[in-house]
Structures are given as C-alpha cells and as structure tokens.
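Below is one structure, written out as structure tokens, with a few remarks after it.
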Amino acid sequence: MSGTFALRTVASFLPERSVAVAELPELAYLGPAERQLCADLGIERIRTDPELDALHLAAGAASRALGAAGLAADQIGALVAVESRAPATLMSSAETRLQAHLGADRALTFSVGGLGCVSMTPALLVARGLLAADPDLSDVLVVHGSTPATPRRYRHPVTVSGDGGMAAVVSRDGPLRVLDVLQETNGHYWDLFRVDYRDRPSARWSEQCRDLQEYSFTLALESRDRLGAMYRRLLDRNGLAPADVARHVCHNLSLGGFRFLEETLGVTIAAACHDNLRDLGHLGANDILLNLATEIGTGRLRDGERAVLISASPVAAWSMLLVEVVGDPGDCTVGDRRGAGPTTDDVPGHHTSSRDGRVI
C-alpha cells in the first residue's frame, strides 16, 4: 500500500536485575483470590533497577539503535518519544531532556502518547507522516522508556509491569517494512483505569479500576468485535489470507490475554510473546517491538515472511501493524538475555553494571 515505511533498526535496553514475581512486596497485602490471579498471569520474573529511570532506559535503547544503523545522534532528523505514564516532574520537558542526553541537537523533537500500551502505534504513524512530508528527512528515532506509574508492579487484575527501553530508527527503506497500520479508539473507557495523585505522596499512588466487570466483560466483548473486524480489514485491503501471515505478535499481559486473541482471531500467538511474558512481564508500549525483534533474532521470522502486530489498551485503544521482513535475517543480531548485554556506554552519562539488549 502507499505510505509504506521501514524499521531500519530496532533495539531494546533492559535492566540486568531480575526479580521473582512471587517475591514482590505488594503480594503480601493481597487476599488469596488476588494472589492466585497474579500467579495465573504466567509471569515468573521481571527486570527492574532503581538506578535506571525512564530516561536512561530510553537513552540506552536509542544509543543501541543508532549504533546499529551507523548513525550518530546528531544525524537524526527527528526524535519522537512515547511519553511516560508518570513523568518525573511537571512543566518540564522529558523529551528535550532526552534530546540533550543523546546529543541529538538537530532533531525535531516532541512526544506522543495518551493510549497506554498502544502508544507505540501513533509514534510510528507520526514517523511515517514526517518522512512523507519532508523529502530532506531520512531517519526518525522513535523511543520509549517504560516504568510503572506506581510503586506497585502488580496491576490487578491485568498484568505485572517490568522496566525496559525500546527504540527504532524509522526510514523509507530497511529490513523490516511496515506495510499497513490500523488504529481505533473509544473514549468511553478513558478512565477505566486511573491513578489519583494530586492529594497524596507518590508512595501511596495506586492504580484503580472503576469497574472490574466493565473491564473483564464489556470491554472484552468490544475488543473481540473490534479486533476481529480490524484483522479482516487489514488482510482484505492488502490482498492477504490468514495463511499469508507467518507470525502474530502482541503485548505481554497474561496467558489469558494470549488465549483471548487466539480464540478471537483464530491464530497462534508467537513463541517470543510467551518467553518474554514469562521472563520480563509487561513493558508497556514496548512489548510489540521487543517481541518482534525476538522472533526475528531467533530465526522464527525470516526473509519474505509477514507478521501482524496486535495492540490493545483499556483506555480503550486497538491497533494492528502488518510488517514484512526484507532481506537475509542473518543480517539481524539479537542480544542474549542470559549473556552479556550492552555496556554502560549505551547510556550517555550513566555508569553502572552491564545491561541486556537486542538489536535487529
């Protein structure tokens, strides 16, 4: 379709420290039913490091993505950040802070967001628009550092959140072509989940669901209908059948979420989603690119094969991306979570132990 663009490189930056979900302090305050719900999510461990905030996670991923593309930060024409759900300060600019941190002095810099874990999609749409509108612009850096909005990692009854950064260099050409993008929203659910913060210290911030029945039943039914229709539309307008899609990648929320998508769409969720859910938990808007990079790096998504990236958020928003690998996947490299990751050189101005990452 017209408007095709590409991901030139994709990189993650994950803390080295791994924590068992069963050892999270907030579980001690849950009742037996809530603890069982948490255990049934399928998340065994998460990555977290109190020394790394959203900026350092984003900067680490950005440095890796730029390095893999052979670009210096001052060569990037635009920097599009997915905004944090809980910025460190109000009235300041986390986006231009990241710009200065990276040394991306000439980049047109701003943020997008507001759609929770679907927010990577509008960031990529903006990058596509910038490339289409400005023939002198060759590369756009899309980046996000994901940390929970509250001190609690368990988000009842949805998921357990870890920490991580993700970045992509978006260009007109590259080894991962984005063939089509769909996105829909429904503002009725704008505050289905919320964190009240103005009248309490941050240690007491807690995410609340206004109606668990509305989340688990009403929104689930709408998501089933929306995602089913979007999937048919995505395939139809690209002249494809389900058999033409090699992999289906989604967010790492829960095993139940995987089963819901598989039953709704009649597909199988990629193995990378299961692996990263178990070992990393939910990394917000970063999940879909992380899982896609894992599939490519492990050789499960090869030259000429297509994947559909599926996102959904309880705000509520839904999106789908159709992507295709172009070229020899041997040209893509993926960091081993169990081995040595990037060094602290990946985080300008930050010096701690080594971190894990992956690049395609």
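Quick caveat: nothing in here was measured; it's all calculated off a predicted structure.
Using a 4.5 Å heavy-atom cutoff, the side chains of D49 and L57 are not in contact. Using a 4.5 Å heavy-atom cutoff, the side chains of P15 and E51 are not in contact. Using a 4.5 Å heavy-atom threshold, the side chains of T4 and R128 count as separate. Between L240 and R306 the shortest side-chain heavy-atom distance falls below 4.5 Å. Using a 4.5 Å heavy-atom threshold, the side chains of D275 and T294 count as separate. The side-chain heavy atoms of F13 and L52, taken from C-beta on, include a pair separated by under 4.5 Å. Looking only at side-chain heavy atoms (C-beta outward), L277 and I43 come within less than 4.5 Å of each other. Counting only heavy atoms from C-beta outward, the side chains of T96 and Q99 approach each other to under 4.5 Å.
In the model, N276 has no side-chain atom that pairs as donor or acceptor with a side-chain atom of N252 under 3.5 Å. In this structure, a donor-acceptor pair under 3.5 Å is present between the side chains of D139 and S171. Using modelled atom types, one finds no donor on one side chain facing an acceptor on the other under 3.5 Å when comparing W318 with S311. For the residue pair S161 and R153, no side-chain donor N or O sits within less than 3.5 Å of a side-chain acceptor on the partner.
Grouped by direct or indirect side-chain proximity (heavy atoms under 4.5 Å, Ile/Leu/Val/Met/Phe/Trp/Tyr only), L115 sits with V118, V315.
Taking NE2 of H144 as the start and CE of M120 as the end, the distance is 6.5 Å to the nearest 0.5 Å. Rounding to the nearest 0.5 Å places CZ of R47 at 6.0 Å from OG of S18. R226 CZ to L182 CG: the interatomic distance, rounded to the nearest 0.5 Å, is 12.0 Å.
A distance-only check finds no donor-acceptor pair linking the side chain of R172 to the backbone of A6 [under 3.5 Å]. In this structure, the side chain of S63 does not engage the main chain of G60 through any donor-acceptor pair within 3.5 Å. Although no hydrogens or angles enter the test, the distance criterion places no donor-acceptor pair under 3.5 Å between the side chain of R8 and the main chain of G174. Using modelled atom types, one side-chain atom of E295 and one backbone atom of A272 make a donor-acceptor pair closer than 3.5 Å.
For E44, the side-chain contact (heavy atoms from CB on, under 4.5 Å) partners are R278, not counting sequence neighbours. Under the side-chain contact (heavy atoms from CB on, under 4.5 Å) criterion, A73 pairs with L66, L102, A104, not counting sequence neighbours.
A continuous path of ILVMFWY side-chain contacts below 4.5 Å connects L130 to V10, so both sit in one hydrophobic cluster. Residue V126 is grouped with residue L176 when hydrophobic side chains (ILVMFWY) are merged at heavy-atom distances under 4.5 angstrom, including chains of intermediate members.
Comment: R210 engages E214 in a salt bridge, judged by a side-chain N to carboxylate O separation of less than 4.0 angstrom.
Residues in residues 170-193 take part in these ring-ring contact (aromatic ring centres under 6.0 Å, His included) pairs, two or more places apart or across chains: F193-Y215.
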Let me have the donor-acceptor pairs involving side chains of residues 75-87, under 3.5 Å, with sequence neighbours excluded, atom names and distances please.
residue : atom : partner : partner atom : Å
Q75     : OE1  : A72     : N            : 2.6
E83     : OE2  : G114    : N            : 3.3
S84     : OG   : A86     : N            : 3.1
S84     : OG   : A86     : O            : 3.3

Expected list for residues 35-42: side-chain donor-acceptor pairs under 3.5 angstrom, two or more places apart:
residue : atom : partner : partner atom : Å
R35     : NH1  : L30     : O            : 2.4
Q36     : NE2  : D40     : OD1          : 2.8

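Between H248 and Y231, the distance from one ring center to the other falls under 6.0 angstrom.
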